[in-house]
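All ligand and atom numbering here is 1-based and tracks the order in the structure.
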Amino acid sequence: MKRSVLNRFGEMGILLDPKAVDALMRLSDPESCANRIINDVQNRPLVLTEEDVIKYASDERDGNNSEATDKHRENAPAIAPPVDAKPREFSRDVKVLKDVTGNSTCVGNVIDFAKLFKDRFSTLKKMLAKRRELAGLMPISRAKKLERDLRFAGIVNDSRFTKNGHTIIEVEDDTDKIQVLVPKGTARPNEAFLKDEVIGVVGATSRDGGIVIAKDVIRPDVPLSSGMAPNGSQAIVAFISDIHVGSNTFLEVEWRRMIDWLKKDPVARDIGYIVMPGDLVDGIGVYPGQEDELKIDDLYEQYAALSEITKDLPDWIKVVMMPGNHDAVRLAEPQPALPKDIRSLFDSSVKFVGNPCYLEIEGRTILAYHGKSIDDFNSGTRHLNYTNPQETMREMLRRRHLAPVYGDKTPLAPEQKDYLVIDSVPDIFVTGHVHVCKVDEYRGIRLINASAWQSQTAFQRMHNQMPDPAKVPMVHLGTGECWVEDFSAQPHPRRSVSM
Ligand code: D5M
Ligand code: FE
Ligand code: ZN
């Protein structure tokens, strides 16, 4: 009997925790309880735990009418009517323009960061050299011999505020290092210089010759642009981040509501692509005590459950999966795509890429980055916070770098090429990680932080971080129009976004 009951769950794509199997087999009538679960199409969990079995068994004893089930049902989406019109034909072509996957140069135990920083500096220096303010850029060793009109570029080694509100930074290039005083008011209010970012300085040597007084500090930045000109594409790209499958705070009801909407709403027929920028699953051992917050405590099973829930996505949608700091790849960035044994759990509608990654879809360039370095930007500056990651994303674009700080919360891999340099200007820049939903614009670039599918965790409660989950930001690839579909409530509202 055990086998036949388990087979039925298997056929329905329901995964069972081993403890759930035991609990089921302990019941006087396992088959009847199994039927009850299988027939509860709207509410049944993706992964059945011992707790679920106990709940269903006690519902049965209470005459199918438990209050908890009714409450659950109230929130559950209506059964989706079938889509009557055919989805549009999309190219389904996702080109990967830049990704470390398959190109990593980190070998054995050789930990040599010199090449990484050399590549970072030379790429960003070339960008700075094109800036009018820095015409005639010189090496620091030569700048040190001059008194006026010094123009140089360098990596920030150190930065500190003086008690008068000025900033003193040490800047280094491949020839020398130099102390720079940035007087209060020279840069923007609250301007911060992050360790290991590359800046340009225009200044003059102080009268005693010991330090350069900056007249201007230049960031590589992105050019002014009005952004995505119409290109005739008919497709929409949707962004679904931080799903955290396996966590006991994964928002299953909201996820189903979204799936139902995708299956029935006419707008969804134009969604050709879904990009998932990381934290696909909750992972194992990511932080101390995580085991108490997991519903699925096996990494492979978490991805199997992710595979099951992505099978529910309409089959005309091409899905791009990228790892984040909770996923099953090295933590050091750039992260390669998920390994083969995990990829094999998914069908060909899913494409796996690394973090970060430049994609080209229907003529538009998308820079996708999970966003772990937002932690370093926020702790290293005075004005950035977890509520407004779009401001942090702007600071990344100004610096043309996704994660400049070495040695803080974002581990970096000693690649010979710096994959975190923003070397080309995207149409859309998407991050996740902070679990809020923001859509904004900077110099024509659509900025998106793509929400999450996890309610507030104990860690976030402790740090007073309020997530904004179950939202799906969308961009029409043809027109550049952006909006958000909000699945946190039923019926779900749509939020328009003005640029
Ligand atoms: O990150 C979920 C949220 O928790 C996100 O807002 C960042 C925040 N977070 C995660 N780690 C840290 C550290 N070390 N300091 C501050 N804030 C942090 P997730 O990657 O989903 O766990
Ligand atoms: Fe996350
Ligand atoms: Zn994360």
Side-chain angles (χ1 to χ4, degrees), residues 194 239-252 254-255 275-296 299 302-303 305-306 309 321-335 338 353-357 368-382 384-393 395-396 402-403 405-412 420 430-438 447-473:
L194 293 172
F239 297 96
I240 295 181
S241 193
D242 292 79
I243 310 174
H244 288 268
V245 174
S247 159
N248 62 16
T249 44
F250 168 60
L251 295 170
E252 217 170 296
E254 288 78 358
W255 180 271
V275 175
M276 300 181 168
D279 286 358
L280 302 162
V281 300
D282 206 54
I284 304 284
V286 178
Y287 54 86
Q290 190 190 17
E291 55 280 7
D292 299 334
E293 294 176 38
L294 288 177
K295 188 166 178 187
I296 310 174
L299 192 54
Q302 290 181 356
Y303 284 102
L306 174 70
I309 63 168
M321 288 190 184
M322 198 179 98
N325 53 304
H326 282 251
D327 285 288
V329 285
R330 77 175 184 201
L331 204 52
E333 297 179 7
Q335 297 179 289
L338 288 165
V353 298
N355 167 40
C357 173
Y369 172 56
H370 176 60
K372 177 70 189 155
S373 72
I374 296 172
D375 296 340
D376 296 325
F377 272 89
N378 289 3
S379 63
T381 57
R382 290 176 175 181
L384 300 173
N385 56 58
Y386 282 97
T387 320
N388 290 300
Q390 76 283 8
E391 303 289 339
T392 310
M393 294 168 75
E395 294 302 318
M396 293 178 187
L402 295 168
V405 183
Y406 171 73
D408 203 347
K409 295 188 189 89
T410 312
L412 300 178
L420 293 140
V430 61
T431 59
H433 186 59
V434 294
H435 299 199
V436 303
C437 183
K438 292 286 174 184
L447 307 180
I448 292 177
N449 187 269
S451 186
W453 295 84
Q454 183 181 40
S455 56
Q456 194 183 41
T457 61
F459 178 92
Q460 290 163 351
R461 205 172 314 121
M462 202 166 70
H463 288 81
N464 213 12
Q465 288 179 20
M466 191 49 86
D468 183 17
K471 313 268 160 48
V472 182

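The aromatic rings of F250 and W255 lie tilted to each other, with the angle between the two planes from 30° to 60°. Using a 30° and 60° split on the angle between ring planes, Y287 and F459 fall in the tilted class, from 30° to 60°.
Under a cut-off of 6.0 angstrom, the local environment of CZ in R330 is crowded, with over 12 non-hydrogen atoms contributed by other residues, nucleotides or ligands.
Nearest N, O or S atom of H433 to the Zn ion (ligand 3): atom ND1. Closest approach between the Zn ion (ligand 3) and any N/O/S atom of D279 involves OD2.
With hydrogens and angles disregarded, a donor-acceptor distance shorter than 3.5 Å links the side chain of Q302 to the backbone of G283. Of the possible donor and acceptor atoms, none in the side chain of Q454 sits under 3.5 Å from a partner among the backbone N and O of P467.
Distances shorter than 2.8 Å separate the Fe ion (ligand 2) from the protein N/O/S atoms D242 OD2, H244 NE2, D279 OD2, H435 NE2.
Evaluated for a side chain to side chain donor-acceptor pair (under 3.5 Å) with T392, the options N449, T431, N378 yield exactly one hit, N378. Partner of N325 under the side chain to side chain contact (heavy atoms under 4.5 Å, CB included) criterion, out of D279, N355, T410: D279 alone.
For the pair L251 and P469, the tightest heavy-atom approach, listed with the atom from each and the gap, is CD1-CB, 3.5 Å. K471 approaches S451 most closely through the heavy-atom pair N-OG, 3.2 Å. Across P277 and V430, no two heavy atoms sit closer than the pair CG-CG2, 4.0 Å.
With no hydrogens or angles considered, a side-chain donor-acceptor pair links Q460 and H435 at under 3.5 Å.
A distance limit of 4.0 angstrom between heavy atoms and ligand 1 selects the residues D242, H244, D279, N325, H326, K372, D375, Y386, K409, H433, V434, H435, F459, Q460, Q465.
In summary, no N, O or S atom of H326 is located under 2.8 Å from the Zn ion (ligand 3).
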